[in-house]
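Remarks on the structure that follows.
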Amino acid sequence: MAKNKSDFVTKIKNKIKNYEFRPIHLLPITFGVCLVVFFAYVFIVTSPNGTVNGDRCDGIMKLEKSVIEQTVDNYTNDKVSSVSIKIECRTVKISVHFIETATIDDAKKIAAEVLAALDSNVDYEKGVNSKYTGMFTSIDDQIAYDVSFVLYGSTQGFPIFGSKIYSSDDINFSDANEKDPALADKLRNKETAE
């Protein structure tokens, strides 16, 4: 056994000693290096703390997780089945699920209440002539959070999407109802005729 092992080692040493490097050997080596560099680049770019948001999240006030949890846990309404609040960089995403009897107007009003509840739990100064604190409205050119809403329900017109940008106190909603039923019927008839 020892002799076979030493013969093997001797053969390898002889191959290494007699090895002649040729330019054609650069091709697989270059290909391998390029693969490693490519996969390293893809890994770095797609990492969660990578370059997806760049530096646009720098300088923003921190919305504490405890404040979000307190708002979600303490908000109650008989038309709401669940509330979730998440933060992605400069956007607070509020999702509200409603019970079957909730109307579109109720949902819009309750979404504004959820934002007001979150805002009241934040320990930050309120802007002059503003409904919200500096966390959700720009004060002295401080970067504030934008807010996006998704309101889920089971009646016609849901889901409802909403947004509030930091430079305005207004919340804009768009529901799934047809704004012009006559035009919608005309388009449906045209679709079925084709």
Side-chain angles (χ1 to χ4, degrees), residues 46 48-49 52-54 56-57 60-127 129-139 142-194:
T46 59
N49 295 326
V52 172
N53 290 316
R56 69 187 207 99
C57 299
I60 196 162
M61 298 165 278
K62 297 295 180 204
L63 187 55
E64 299 296 326
K65 195 170 196 165
S66 61
V67 171
I68 293 171
E69 290 170 356
Q70 176 186 0
T71 304
V72 170
D73 293 343
N74 293 340
Y75 186 79
T76 57
N77 189 306
D78 58 344
K79 295 185 180 192
V80 174
S81 62
S82 69
V83 175
S84 85
I85 301 174
K86 296 178 182 161
I87 297 177
E88 288 186 14
C89 191
R90 290 180 46 192
T91 305
V92 175
K93 297 187 174 191
I94 299 175
S95 297
V96 184
H97 291 265
F98 293 93
I99 61 172
E100 291 181 19
T101 60
T103 65
I104 292 173
D105 292 332
D106 292 338
K108 292 176 182 179
K109 190 168 80 173
I110 289 169
E113 289 174 4
V114 171
L115 178 58
L118 177 62
D119 190 53
S120 68
N121 290 333
V122 173
D123 187 26
Y124 204 77
E125 67 185 68
K126 215 170 206 163
N129 299 328
S130 175
K131 291 196 274 187
Y132 303 103
T133 64
M135 191 66 72
F136 301 107
T137 300
S138 184
I139 299 175
Q142 175 70 34
I143 299 172
Y145 286 97
D146 292 329
V147 182
S148 82
F149 299 90
V150 182
L151 312 176
Y152 300 98
S154 59
T155 59
Q156 178 68 29
F158 284 97
I160 301 170
F161 300 95
S163 64
K164 182 208 164 305
I165 58 173
Y166 69 89
S167 60
S168 171
D169 279 350
D170 297 330
I171 300 173
N172 298 310
F173 291 103
S174 69
D175 56 56
N177 277 333
E178 299 167 345
K179 303 303 180 219
D180 187 356
L183 177 63
D185 289 339
K186 183 178 174 184
L187 291 173
R188 274 192 220 99
N189 292 337
K190 184 179 179 181
E191 235 176 52
T192 56
E194 291 176 354

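Each residue takes its place number in the sequence, starting with 1.
Across Asp169 and Lys164, no two heavy atoms sit closer than the pair CA-CE, 4.2 Å. Shown here for Ser154 and Phe158, the closest heavy-atom pair between the two residues is N-CD1, 4.3 Å. Contact detail for Asn121 and Gln70: the closest heavy-atom pair is OD1-NE2, 3.6 Å. Looking at every heavy atom in both residues, Thr71 comes nearest to Val114 through CG2-O, 4.2 Å. Counting all heavy atoms, side chain and backbone alike, Ala107 lies closest to Ile160 at CB-CD1, 4.1 Å.
The shortest side-chain heavy-atom distance between Ile110 and Tyr75 falls under the 4.5 Å cut-off. Side-chain contact between Val122 and Leu63 is present, with heavy atoms from C-beta onward closer than 4.5 Å.
By the side chain to side chain contact (heavy atoms under 4.5 Å, CB included) test, Ala102 pairs with Lys79, Phe98, sequence neighbours left out. Lys93 is linked by a side chain to side chain contact (heavy atoms under 4.5 Å, CB included) to Glu88, Thr91, Ser148, counting only residues two or more places apart in sequence or in another chain.
Note on ring orientation: taking the six-membered ring where Trp is involved, the planes of Phe173 and Phe149 are tilted (angle from 30° to 60°).
With rounding to the nearest 0.5 angstrom, the NZ atom of Lys109 is 13.5 Å from the CD1 atom of Ile171. A distance of 9.5 Å separates OG of Ser120 from CG of Leu115, quoted to the nearest 0.5 Å. To the nearest 0.5 Å, the span separating CG on Asn77 from CG on Asp106 amounts to 8.0 Å. For the atom pair CD1 (Ile68) and NZ (Lys86), the distance works out to 11.0 Å, reported to the nearest 0.5 Å. Rounding to the nearest 0.5 Å places OG1 of Thr101 at 7.5 Å from CG of Asp78. A distance of 10.5 Å separates CD1 of Ile165 from CZ of Arg90, quoted to the nearest 0.5 Å.
For the side-chain contact (heavy atoms from CB on, under 4.5 Å) with Leu151, the qualifying choice from Val96, Val80, Ile104 is Val96, the only one to do so.
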